[in-house]
Asks: 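Can you keep this structure in mind? I'll have questions shortly.
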Amino acid sequence: EEYTIDKASLKFEGEIGSGSYARVYRGSWQGKQVAIKKLHQHHLDTPRVISSFKEEAKIGLRLKGHNNIVRLLAITKTEAANEAPELVME
């Protein structure tokens, strides 16, 4: 897809914060400062959580250009069914 990228293209620079199901990191992608949202490791065997995370990504892509919402720039590619993508945000 147009918005999917390889995980190798991201550079993680430090944790910004953590929530109940994901951590957010400061990072860079294509020379830009970004936030990278990554699902907690212990949720990777919970299909419902992975599905919810992927749905968040789909919604984020549909809301591009909305002034009141942090823009989702890209999603990392996943290979396995129990692998969650990382969300790359402005």
Asks: Is Lys58 atom NZ crowded by more than 12 heavy atoms from other residues, nucleotides or ligands, each under 6.0 Å away?
Replies: no
Asks: Taking the side chain as every heavy atom from C-beta outward, state whether Ile36 and Leu87 have any pair of such atoms under 4.5 Å apart.
Replies: no
Asks: With Lys38 as the cation and Phe12 as the aromatic partner, state whether NZ or CZ is under 6.0 Å from the six-membered ring centre and within 45° of the axis.
Replies: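 Yes, a cation-pi geometry.
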Asks: Among all residues two or more places apart in sequence or in another chain, which pass the side chain to side chain contact (heavy atoms under 4.5 Å, CB included) test with Gln30?
Replies: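 Here the qualifying residues are Lys32.
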Asks: Identify, with sequence neighbours excluded, every residue that meets side chain to side chain contact (heavy atoms under 4.5 Å, CB included) alongside Arg23.
Replies: Glu15, Ser18, Tyr25, His40
Asks: Side chains of Leu63 and Ile59: closer than 4.5 Å at any heavy-atom pair?
Replies: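 Yes; the side chains approach each other to less than 4.5 Å.
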Asks: Report yes if the side chains of Thr76 and Thr4 come closer than 4.5 Å at any heavy-atom pair, otherwise no.
Replies: no
Asks: Applying a strict under-4.5 Å side-chain criterion to I, L, V, M, F, W and Y, I'd like to know whether Leu39 and Tyr3 cluster together.
Replies: yes
Asks: If you draw a 6.0 Å radius around CD in Gln41, do more than 12 non-hydrogen atoms from other residues or ligands fall strictly inside?
Replies: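 Incorrect, the count does not exceed 12.
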Asks: Side chains of Gln33 and Arg26: does their closest heavy-atom pair fall under 4.5 Å?
Replies: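 When only atoms from C-beta onward are counted, Arg26 and Gln33 do touch, with a gap below 4.5 Å.
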Asks: Cluster question for you: counting only ILVMFWY and a side-chain heavy-atom cut-off of under 4.5 Å, with indirect links fine, are Ile75 and Val49 together?
Replies: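 Linked, Ile75 and Val49 end up in one cluster.
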Asks: Less than 4.5 Å apart, any side-chain heavy atom of Leu10 and any of Val88?
Replies: yes
Asks: Let me confirm one number: the CZ-CG distance from Arg71 to Leu61, rounded to the nearest 0.5 Å.
Replies: 10.5 Å
Asks: Between Leu73 and Met89, is there a side-chain heavy-atom distance shorter than 4.5 Å?
Replies: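 No. Closest side-chain heavy atoms not under 4.5 Å.
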Asks: Does the side chain of Tyr21 reach to within under 4.5 Å of the side chain of Glu56, using non-hydrogen atoms?
Replies: yes
Asks: Is the shortest side-chain heavy-atom distance between Lys77 and Pro85 below 4.5 Å?
Replies: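 A side-chain contact is absent here, since even the closest heavy-atom pair is not under 4.5 Å.
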Asks: Distance-only, no hydrogens or angles: does the Glu90 side chain make a donor-acceptor pair with backbone N or O of Val70 under 3.5 Å?
Replies: no
